[in-house]
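One structure is given here, and the rest of the page talks about it.
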Amino acid sequence: MIQKPVYLDYNATTPCDPEVLERMLPYFSRHFGNAASRNHAFGWVAEEAVSQAREQIASLIHAEPSEIYFTSGATESVNLALKGLYEMYGTNRSHIITVSTEHQAVLDTCRHLEKLGARISYLSVDAEGLIDLDELDSLITDQTLVIAIMYANNETGVIQPVEEIGRIAKKRNLFFFSDATQALGKVPVDVNRDGIDLMAINAHKLYGPKGIGGIFLRRRSPRVRIYPQMDGGGHEKGIRSGTLNIPGIVGFGKACELAGQMDTKQVTSLRELRDRLESGILDLAGGATINGKNAPRLSNTSNICFSGSEVRDDGMLSALSKSVAVSSGSACSSASQHPSHVLKAMGLTDREAYASIRFSVGRFSYIEEIDFAIEQVGKVLEGLRKVRIN
Ligand SMILES: *Cc1c(COP(=O)(O)O)cnc(C)c1O
């Protein structure tokens with residue numbers, strides 16, 4: 001028996017892995033100490049747990065533990081990276097280059113900085129959701145401070161050419177900030193190979209708990225300096241004040257350790273589930289298309305546009321939502337009625353964007369759930385066709 005509704009929205013959030021939860025539990029009760037308490041064992045135990053987690057996270061992204069700072073999540077890390085850089089260097093270098101398909105956290109932070117005097121350039125993307133490296137190169141001036149480009153898109157799974165972006169940033173002496181929230185644990189992220197100087201990540205997209213995230217700040221060549229955005233007790237070397245969320249940090253570390261142990265077999269089986277879903281749905285819905293199909297994509301994500309089939313607007317999503325948990329794109333903006341800014345930037349019409357649905361599979365997805373989802377899509381299509389005939 002499968003549990004209903006079937007969860008195919010892993011890009012919005014993931015359940016905690018049971019091993020992660022198990023590791024966290026003692027830190028709510030027995031090991032409740034404050035990592036900043038230097039004078040007794042309660043503090044030492046917490047501090048020890050934090051430093052282990054820092055190592056686990058650093059190891060997954062090929063960084064040094066001292067380059068990881070804890071925050072409340074990726075949104076905070078994005079804010080801290082961009083506002084922190086701008087406050088540190090913005091008087092001389094006030095130009096930021098980003099992309100129109102970024103997560104709202106990046107776009108809204110840029111908008112905020114614009115009000116403070118920053119100049120923001122928004123790169124366009126092609127029909128597959130990819131940026132143009134020549135366009136990026138041509139936008140750089142001696143005022144440019146940072147290139148802010150996400151690793152993998154949350155709505156489409158499209159992976160940007162981060163290594164090439166990193167090379168351009170290095171050559172032109174700029175910082176490269178990447179929101180790698182969706183990439184972490186799904187593709188191998190290596191801050192050195194990829195030339196990333198600042199990076200935002202979190203735990204809850206990676207089978208860890210919500211409300212905990214991190215920022216990577218490169219220490220050497222170049223050494224990244226940012227202005228803290230939270231004043232207080234000077235935790236995290238003054239970069240982010242506030243008592244550390246020990247259970248969250250422990251869970252984040254364990255989640256990264258588990259992600260690091262993922263082998264090609266697990267990645268392949270995720271891809272197989274996604275591909276089965278994709279081809280099953282395309283077989284049923286003639287005219288449906290995959291957004292970002294020809295770009296490098298995360299192997300768990302499928303963003304399907306039903307507008308070529310008989311589906312109008314968001315009829316598919318609302319009809320499907322009783323049995324299959326999917327999303328119209330980003331969970332963060334799905335409260336708004338606007339069509340996805342990501343799909344619009346890829347050239348879709350409003351109608352096509354409304355008729356697109358993001359399916360994302362994960363560690364606990366299995367074949368019967370996929371087949372059930374395909375069957376449900378079939379039923380919805382049949383229902384919608386009937387309505388149109390009558
Ligand atoms: C989920 C997500 C965020 C926000 O992360 P929180 O930890 O929930 O603040 C930022 N960027 C991307 C790409 C995401 O997918």
Side-chain angles (χ1 to χ4, degrees), residues 8-13 74-75 78 98-112 114 120-132 148-150 152-160 179 181-182 205 277-278 281-282 285-295 297-298 300-322 324-360 373 376-377 380-381 383-384 387-388:
L8 294 180
D9 204 12
Y10 279 79
N11 284 11
T13 193
T75 300
V78 166
T98 187
V99 190
S100 50
T101 53
E102 288 293 304
H103 189 273
Q104 217 57 50
V106 171
L107 294 176
D108 288 353
T109 300
C110 285
R111 190 120 302 149
H112 180 94
E114 210 164 12
I120 316 286
S121 298
Y122 297 91
L123 287 164
S124 55
V125 295
D126 64 15
E128 303 296 336
L130 291 169
I131 64 150
D132 181 89
I149 299 183
M150 71 202 314
N153 188 273
N154 45 306
E155 295 189 27
T156 57
V158 167
I159 302 169
Q160 297 294 352
D179 173 359
T181 311
Q182 288 294 339
K205 305 277 172 78
L277 180 75
E278 241 169 38
I281 290 176
L282 291 190
T289 50
I290 311 292
N291 295 317
K293 181 172 193 289
N294 300 310
R297 269 191 305 155
L298 296 175
N300 81 312
T301 310
S302 185
N303 192 306
I304 302 183
C305 176
F306 287 93
S307 81
S309 60
E310 279 145 82
V311 179
R312 263 196 285 197
D313 297 342
D314 55 355
M316 175 62 98
L317 185 66
S318 47
L320 205 54
S321 60
K322 283 167 213 86
V324 188
V326 287
S327 114
S328 62
S330 132
C332 320
S333 56
S334 62
S336 66
Q337 296 299 311
H338 305 296
S340 152
H341 71 282
V342 173
L343 300 179
K344 293 271 292 175
M346 290 165 71
L348 274 70
T349 62
D350 281 7
R351 188 174 171 276
E352 288 166 335
Y354 278 126
S356 295
I357 295 182
R358 176 186 71 187
F359 298 83
S360 46
Q376 292 304 306
V377 169
V380 172
L381 282 170
L384 291 171
V387 171
R388 298 197 71 186

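The residues of the chain are indexed from 1 along the displayed sequence. Values reported hereafter were calculated over all heavy atoms of this structure, with side chains retained and with hydrogens, waters and symmetry mates removed.
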Just verifying a value: how many Å separate [X] [atom1] and [Y] [atom2], rounded to the nearest 0.5 Å?
X: Ser356; Y: Arg351; atom1: OG; atom2: CZ; answer: 10.5 Å
X: Met150; Y: Ile159; atom1: CE; atom2: CD1; answer: 11.5 Å
X: Ser302; Y: Ile281; atom1: OG; atom2: CD1; answer: 6.5 Å
X: Ser340; Y: Met346; atom1: OG; atom2: CE; answer: 8.5 Å
X: Ser328; Y: Met316; atom1: OG; atom2: CE; answer: 14.0 Å

- Task: Answer yes when Glu278 and Arg297 have at least one side-chain N-carboxylate O distance shorter than 4.0 Å, and no when they do not.
- Result: yes
Tell me, do [X] and [Y] make a side-chain contact under 4.5 Å, heavy atoms counted?
X: Leu320; Y: Val380; answer: yes
X: Tyr354; Y: Leu348; answer: no
X: Lys344; Y: His338; answer: no
X: Thr156; Y: Ile290; answer: no
X: Thr181; Y: His103; answer: no
X: Asp132; Y: Asp126; answer: no
X: Ile304; Y: Ile357; answer: no
X: Tyr122; Y: Leu107; answer: yes

- Query: Given Thr289 and Glu352, is the side-chain contact (heavy atoms from CB on, under 4.5 Å) satisfied, shown in steps?
  - Reply: CA-CA 10 Å; Thr289 50; Glu352 288 166 335; over 6 Å; no
Closest non-hydrogen atom pair, [X] against [Y]:
X: Leu282; Y: Ala288; answer: CD2-O, 3.5 Å
X: Leu298; Y: Gln182; answer: CD1-O, 3.8 Å
X: Ala373; Y: Val324; answer: CA-CG2, 4.0 Å
X: Val158; Y: Gly292; answer: CG2-CA, 3.9 Å
X: Gln160; Y: Val125; answer: NE2-CG1, 4.5 Å
X: Cys110; Y: Thr98; answer: SG-CG2, 4.0 Å

- How far apart are the C-alpha atoms of Phe359 and Asp9, what are their side-chain angles, what is the distance that settles it, and do they pass the side-chain contact (heavy atoms from CB on, under 4.5 Å) test? CA-CA 6 Å; Phe359 298 83; Asp9 204 12; over 6 Å; no
- Does the pair Gln104 and His341 meet the rule for a side-chain contact (heavy atoms from CB on, under 4.5 Å), with working shown? CA-CA 9 Å; Gln104 217 57 50; His341 71 282; 3.6 Å; yes
- Message: Run the side-chain hydrogen bond (donor to acceptor under 3.5 Å, both in side chains) test on Asn11 and Thr301 for me, step by step, so that the C-alpha distance in whole Å, both residues' side-chain angles and the decisive distance to 0.1 Å come before the verdict.
- Response: CA-CA 8 Å; Asn11 284 11; Thr301 310; 3.0 Å; yes
- Message: Distance alone, cut at 3.5 Å: any donor-acceptor contact between the side chains of Asn303 and Asn153?
- Response: no
- Just checking, any donor-acceptor pair under 3.5 angstrom between side chains of Glu128 and Asn294? yes
- Message: I'd like to know if the side chain of Ser100 and the backbone of Leu123 have a donor-acceptor N/O pair within less than 3.5 Å.
- Response: yes
- Reference residue Val342; test side-chain contact (heavy atoms from CB on, under 4.5 Å); the match among Glu102, Glu155, Arg358: Glu155
